[in-house]
Amino acid sequence: MFFYANICIYQKESLTLQAISNGDSMKRREFISKAALGGLALSLSPELLAKMSERIPSVPGVGSVASSGKMRMTWQPYELALRHTFTVSSFSRNTTPTVQLRIDYEGFTGHGEASLPPYLGYTVEGTLRFLEKVNLEQFASPFLLEDILTYVDTIDPGESPAKAAIDIALHDLVGQLMEQPVYRLYGLDPDKCPSTSFTIGIDTPEVVREKTLECAGRFNVLKIKVGRSTDKEMVEAIRSVTNLPLVVDANQGWTDREEALDMLYWLHERGVKMAEQPMPKEQMDDIAWLTERAPMPVIADESCQRLCDIKRLKGVYSGINIKLMKCTGIREAYKMMVYARAEGMKVMIGCMTETSCAVTAAASLSPLVDFADLDGNLLIANDLYEGVGLRNGHLTLPHRPGLGLKEK
Ligand code: MG
């Protein structure tokens, strides 16, 4: 596999190595020596090394928690290059920082990922600082998911993407050890994976028409980012070339509830089936008013981070959008799905811009949802993996053990 064995490769390439073994130089030397002796470097493919060094400008983020026990966790910053400039109601960007993580155990390797879109306030530096605090030595095996993830969650508040990276890697690892895909660990039928929506970015009507024509044959649902003065123009441009169902995401962009309701009715008449986070998360009373009158489900995204948020959202929204990077990973996402269902709420699963590692992890739970918005891996130009696929617009899960990822 690829870059984690990097520890010896980077040494060979005379690059500075930092952040290993919690600063313990004896452990660091011992780990490097063992890694080299174990031939870990041999498993790195030259193509991936070249790709990583192209995309990773600095080495200081390379790290590991070397363990004398059985689990060894290593990580590496990696910047995702977006295929197109990503624009929502409040900003635009061309890259997304991530930290790619790996946990090795008895010859098996689990992969995880922390995606860190800047607007969420998480940073690569903060993620690395958090990972350096994690000590997996105290756990006898990766099967102790509940104990391990509870411990990880209590190290520091926040840092959900770092926690999700560990959760995803552990699920991948446990699946491989049990020789079962992750979806089967949760008793799910992969044939029930839903269609995923695909986001058409905000742009001029000509470009929007062009983009819509390009993807209309591959997807069954299109998503539009709204909350700007050009919303109606965007929708008309899409409607001029396709009749596919649409969903919209205002990213808190509307502040007047009457205007938001008028807009939802206008959108409903044009085949919009769901609206995500129409108003600022602080305007709970206005959102409850809007949801009660809306002609479509209204889903919480920015308002809903973790399991503990759901209770206060009942009666305010029709449902919740769960993302692994918000909720610390697969295990809490599953608990959120069960709880939201018990409260009669709709369930959506979404993602950030991520490689196929984290998107496949999210897709593993997609048989449980009403709406899937898992196109984050399709929006990047430098994915590291092959994982979840698409068939007639529906998500398709690999049947290999764990997440079933293959290096690209
Ligand atoms: Mg959203």
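Atoms within a ligand are numbered from 1 in the order they appear, just like the ligands themselves.
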Could you check if a side-chain atom of M352 sits within less than 4.5 angstrom of a side-chain atom of L120, using non-hydrogen atoms only?
-> yes

No-hydrogen, no-angle side-chain donor-acceptor test under 3.5 Å, S160 and Q305 | no

C193 backbone acceptor or donor facing H394 side chain under 3.5 Å | yes

For residues L403 and H111, determine if any side-chain heavy atom of one lies less than 4.5 Å from a side-chain heavy atom of the other.
-> no

Listed once per pair and sorted, the salt bridge (charged side-chain N to carboxylate O under 4.0 Å, His left out) pairs that draw on residues 158-187, sequence neighbours left out = D153-K163

Protein-derived N, O or S atoms lying less than 2.8 Å from the Mg ion (ligand 1), waters not counted, sum to 3

So which heavy atom on N251 is nearest to which on D249, and how close?
-> N-OD1, 2.9 Å

